[in-house]
Every structure is written in C-alpha cells, then in structure tokens.
Amino acid sequence: MDFAFLSDTMGQLLAVTPVTLELWISCIAIGGVLACFVTWARVSGVPGLTQLAAAYIFVFRGSPLLIQTFLLYYGVSQFAEVRQSFVWPVLRDPFNSVVISLALCTGGYTAEIFRGGLQAVPGREIEAGRAIGMSGFTLFRRIIAPIALRQALPAYSTEVVLMMKATALASLVTVWEVTGVAQRIISHTYRTFEVFICAAIIYLVLNFIVIRLLLHVERRISPHLQGRPNAIHPGAPPEHAAGPIELPEVPR
Amino acid sequence: MTAIPTLSVKDIHKAYAGVEVLRGISLDAQEGDVISILGASGSGKSTFLRCINLLEIPDAGQVTVAGETIAMRPKRGGGQEPASSKQVDRIRTELGMVFQNFNLWSHMTVLQNVVEGPLHVLRRPRAECVAEAEALLEKVGIADKRNFYPAHLSGGQQQRAAIARALAMKPKVMLFDEPTSALDPELVGEVLRVLRALADEGRTMLVVTHEMGFARTVSNRVVFVHQGLVEADGTPEQVFGELKSERFKQFVSGLHA
C-alpha cells in the first residue's frame, strides 16, 4: 500500500470537495424552488398549465441527465442567437451551465415527489380544517403542506442523495470537482483503482451525513410515525389490545 | 318559539348522480336544544348534518345560524353554491363539527390540535388559547395526553380530543356525526359521558347517532329521518313512547333483532 500516494490523492480530492458541495447545494436549492412551481402548475387544474407541467416532468425524467447536460453546455452554444443574448454570460460558464442542468432535472423529479406527498394528505384531515373555518392559504400552510412534506420526505431524501452523485457529471463539462480531479490524477498516474476508491469514499461520507441529517429531521417532525405498533394501524388502542403487538421493523 | 332559533335549516335538498338523498328537510334548533337525529343507514342523516356546515353543498334550501343566513347563488348547470366563501368560513367557526372518524390532524399533538383553530383561524393570543385548550382537555378527561399524537391514543381518547378541538372555537351549535360509530363497544361510554355533560351545560347540539339510549335519555328532541324526509319529530317520549310512525317502529325493532 502506497500510503503517501493515497494521502496525497485524498488531499487533492478533499481540496475540491467544496466545489462538489457547491454544485449540490445550488442545484438542490434552485431545483426545490422550481419543483414548487411545477407542482403547483401540475395540480392547479388550469387547462394548459397542468399539461405543460406534466410535459416538463416527462421530458426531464425521461431523458438521460448526461444528454441534458451536454445539450445545455455544448449544444446550445452552437446558436449565434444564444451567444449574443443576455443568457450567454451565465451559460458559457461550465459551473453555471451544469447547475442549471441538474436543477432542471431534479426540479422535475422533485415535483413528482411533492405531488405524491400532496396526494397522500388524507381528505379527512383537510375536511376537519374546512369545518373549523380554514380555507385557501391558511389551510395549505397549516394542514396540507405540513402533512404533504412529512409524506414526501423519505422519497425526497433519496432524490437529494441521487443529486449528490449526479454532480459527478460536471466533470464531463470541464468543472473541476471531485470526479473531474480524480480523472485528472488518473491520467497522470494510471492508478485508477486507488484514486477512484478515494473519490468513492468522499461521496459515501458526504451522503452518509446527508442521510443521517434527513433521517434526524424526519424523526423530529414525524414522531407520530415512529416505531409504535399503532402507527401502522392508526386508532388501534394499545391499552385495550390483548397484549403488546410485536411487529417487525418497517423498512424505510 | 319566540326567540330567533340558534340554528334554522330550511328545505334542504341534495342529490348525487340523480339519486335524491335529501328531499326537503327542515329543522329549527333553539338555544340549549339537544336533538338526536336517527335513521337507517343511507337515510341521509349524515348528509343532512354535512349540509349544515356546507361540507356538502345542498342543491336547494338554506341554513341560518343565529339569524345570519348563508347567502347562496344559483350555480351554472343547476343547484346552488355559496355566494361568499368568507361568510362560509366564518359561519363554520360557529358550528363545531365532530366526525365519525375523529379526523384529528395526525402531525399535531392533542394540545396543538385543540389550539389550532383559536390560534390560526380566530387569531387569538397564544397564551389564552393554550390555557383554554388545557381546561377543555381537563374537561373531556385527557389532560394527561396533551402531548400525545393522535396515532398513540385509543379511539375514545381521539374522539374526546376531537370534541375538545370543536369546543375550542366556542361554537354556537355542536354537530356530531355518528361520534361513537367508529369506536369499540367498551369505548363508547366515555364519549357518551362527555356528550351528556355538554348537554347538561345547556349547549345546543345536533347528534346523528345510533345510540338509542342516548337519544331517549339525553336529548330533548328526536328527529327520525327516512328516505331523505323527516318521518317523525318530537320529544323522546312522543317518538319512542307512542311510536306513531310505523317506519320508526320497524327501524327500532330492526336494531334489536
């Protein structure tokens, strides 16, 4: 084992880890805001808008992210109109370009996750809100959104982890993040195995932290869904049951 | 019958896909009335209750709460719709609804459920809302469960929390939609005791129920609904004792069969 080489490689990769994180945070933030609008359009029921949102989701979920990234960075620049327009200063920069690609894509996926969360809100609880005099934004803010968010969180954490890994695509449009720098080191040293192992460890550690963090949030905001037998059978009175019901851990 | 009725419902009609569920039901409730609404399954009694706070929009008829009539306007394609959703929201705060399946908000604790309406709909000061909510939970006997989530309570406890939630709005009328029908038999008693206590306080209540004992002993008026119409209406003694209605006789004997 060449520990000197490994630690040198690790050092170089860690030095660019902030770039990976910046890519990730930017695309999650922009994609999240985008997803809110797309979800709203998707469930608005406004003729045209709903179909537009569905088409958006289909296009970005249905085509490879790599091709989307190439199209935006390499493809769009072949048009002089784009190069002369106000968007060019943004798009010509590989970092910006890849953030936009990733955000557009995760926006589509996240919109579907949010929609699933909204659909899982029990009609009864919405009705209870109406019966107490809530409507419109208050009903959404106090009842619908909090329940939908809790329903969507497990699926959303998967999406967030996928995006961490998807930032590796940035290396293909010349952004020097972890994967890009790893490939550069390999091209000098031909030690593919050691270098990529180092890179993989960095992604694993980052995702481990993200997963633990989101799990912590989930436990905090949804204590009512944790580990109690009657979380699976709501309303089943434990004190009147014949005995404690032993149920296997719910896979999450 | 001199005072303005606390709740007045006139000639409610409701049809689903051409099937008439309610065919013209009217009902006046005076302050302090406890009215049991009985009827076979499918007779329209729950739909009637839900029409009062417009969770179902009646095709025709009007609802008046303490003298204020909910304004309706004709809807395109037949029927009617509320003219002002603001008015509907406001009237709903005066009608406390208790559902068969409790419908507590699953992401909130019992206390949060009870505080929610006064705090975020009536926009009253938090400290006041919390103090009142705790007093209400004490009254329905689940003060020790205030920080529990609904999923961790028995059905009877959930229903009592739901009653506290409705009471927290200080409604003029309480509407109970089969409040004990989803409960295990041994849990029915604890909810009925709360209902009885509320009746003794002089609250105006409409109770859709299958509990004959409750209808007979607690309510001061019994309304029997059959096929979308009021078939019998009177004091429990009149409706149960004289058994004027042949259909009511069949309904009651059917229950004991």
Side-chain angles (χ1 to χ4, degrees), chain A residues 117-154 156 217-245 247 250, chain B residues 49-50 52-56 85-109 112-114 116-123 147-159 162 165-166 168-169 171 175 177 182-187:
Chain A
L118 283 177
Q119 279 180 339
V121 178
R124 288 171 180 174
E125 296 184 39
I126 298 175
E127 195 163 71
R130 288 194 189 288
I132 214 160
M134 283 187 187
S135 63
F137 187 65
T138 308
L139 186 65
F140 180 76
R141 185 175 66 86
R142 298 296 311 168
I143 310 293
I144 299 172
I147 299 173
L149 193 78
R150 285 164 171 82
Q151 301 279 5
L153 197 56
Y156 183 67
V217 172
E218 201 181 314
R219 292 210 170 123
R220 251 196 98 94
I221 66 172
S222 307
H224 58 293
L225 300 177
Q226 304 303 319
R228 295 285 289 266
N230 55 0
I232 299 157
H233 302 291
E239 62 264 50
H240 295 284
I245 310 159
L247 285 167
V250 189
Chain B
L49 202 71
R50 293 166 56 81
I52 295 174
N53 64 358
L54 275 83
L55 286 179
E56 304 284 345
S85 60
K86 276 225 163 67
Q87 190 198 20
V88 172
D89 287 347
R90 184 160 43 76
I91 298 267
R92 278 176 179 160
T93 65
E94 297 172 356
L95 300 168
M97 180 85 167
V98 175
F99 299 90
Q100 181 175 353
N101 294 297
F102 333 130
N103 302 12
L104 290 169
W105 296 303
S106 55
H107 62 296
M108 297 182 192
T109 64
Q112 287 167 337
N113 263 279
V114 179
E116 183 68 19
L119 195 60
H120 293 283
V121 179
L122 303 179
R123 298 180 188 285
N147 293 323
F148 280 51
Y149 285 88
H152 299 158
L153 299 179
S154 73
Q157 291 164 341
Q158 287 188 55
Q159 192 59 297
R165 173 176 70 177
M169 300 295 286
L175 307 173
D177 185 7
L183 299 177
D184 289 343
E186 73 266 32
L187 302 180

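Chain identifiers are assigned alphabetically (A, B, ...) following the order of the sequence lines, protein sequences preceding nucleic acid strands; residue numbering begins at 1 within each chain.
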Part of B:Ile91 within contact of chain A (heavy atom distance under 4.5 Å): neither
Beyond-backbone contact of A:Arg124 with B:Gln100, side-chain heavy atoms, under 4.5 angstrom: no
Atom pair CD/CG of A:Glu125 and B:Asn101 - distance to nearest 0.5 Å: 11.5 Å
Any residue of residues 131-141 of chain A which, by heavy atoms, sits under 4.5 Å from chain B: A:Ala131, A:Ile132, A:Gly133, A:Met134, A:Ser135, A:Thr138, A:Arg141
Got a list of side-chain donor-acceptor pairs under 3.5 Å for residues 143-150 of chain A, not counting sequence neighbours?
{"unit_1": "A:Arg150", "atom_1": "NE", "unit_2": "A:Ile221", "atom_2": "O", "d": "2.7"}
{"unit_1": "A:Arg150", "atom_1": "NH1", "unit_2": "A:Pro146", "atom_2": "O", "d": "3.0"}
{"unit_1": "A:Arg150", "atom_1": "NH2", "unit_2": "A:Ile221", "atom_2": "O", "d": "3.2"}

Contact winner vs chain A - B:Ser106, B:Ala162, B:Gly117, heavy-atom pairs under 4.5 Å: B:Ser106
Spacing of NE2 belonging to A:His224 relative to NE2 belonging to B:His152, to within rounding of 0.5 Å: 8.5 Å
With sequence neighbours excluded, residues passing salt bridge (Lys or Arg N to Asp or Glu O under 4.0 Å) with B:Glu94: B:Lys172
Listed once per pair and sorted, the salt bridge (Lys or Arg N to Asp or Glu O under 4.0 Å) pairs that draw on residues 127-138 of chain A, sequence neighbours left out: A:Glu127-B:Arg50
Top contributor to chain A contacts, counting heavy-atom pairs under 4.5 Å, from B:Leu183, B:Val121, B:Leu122: B:Val121
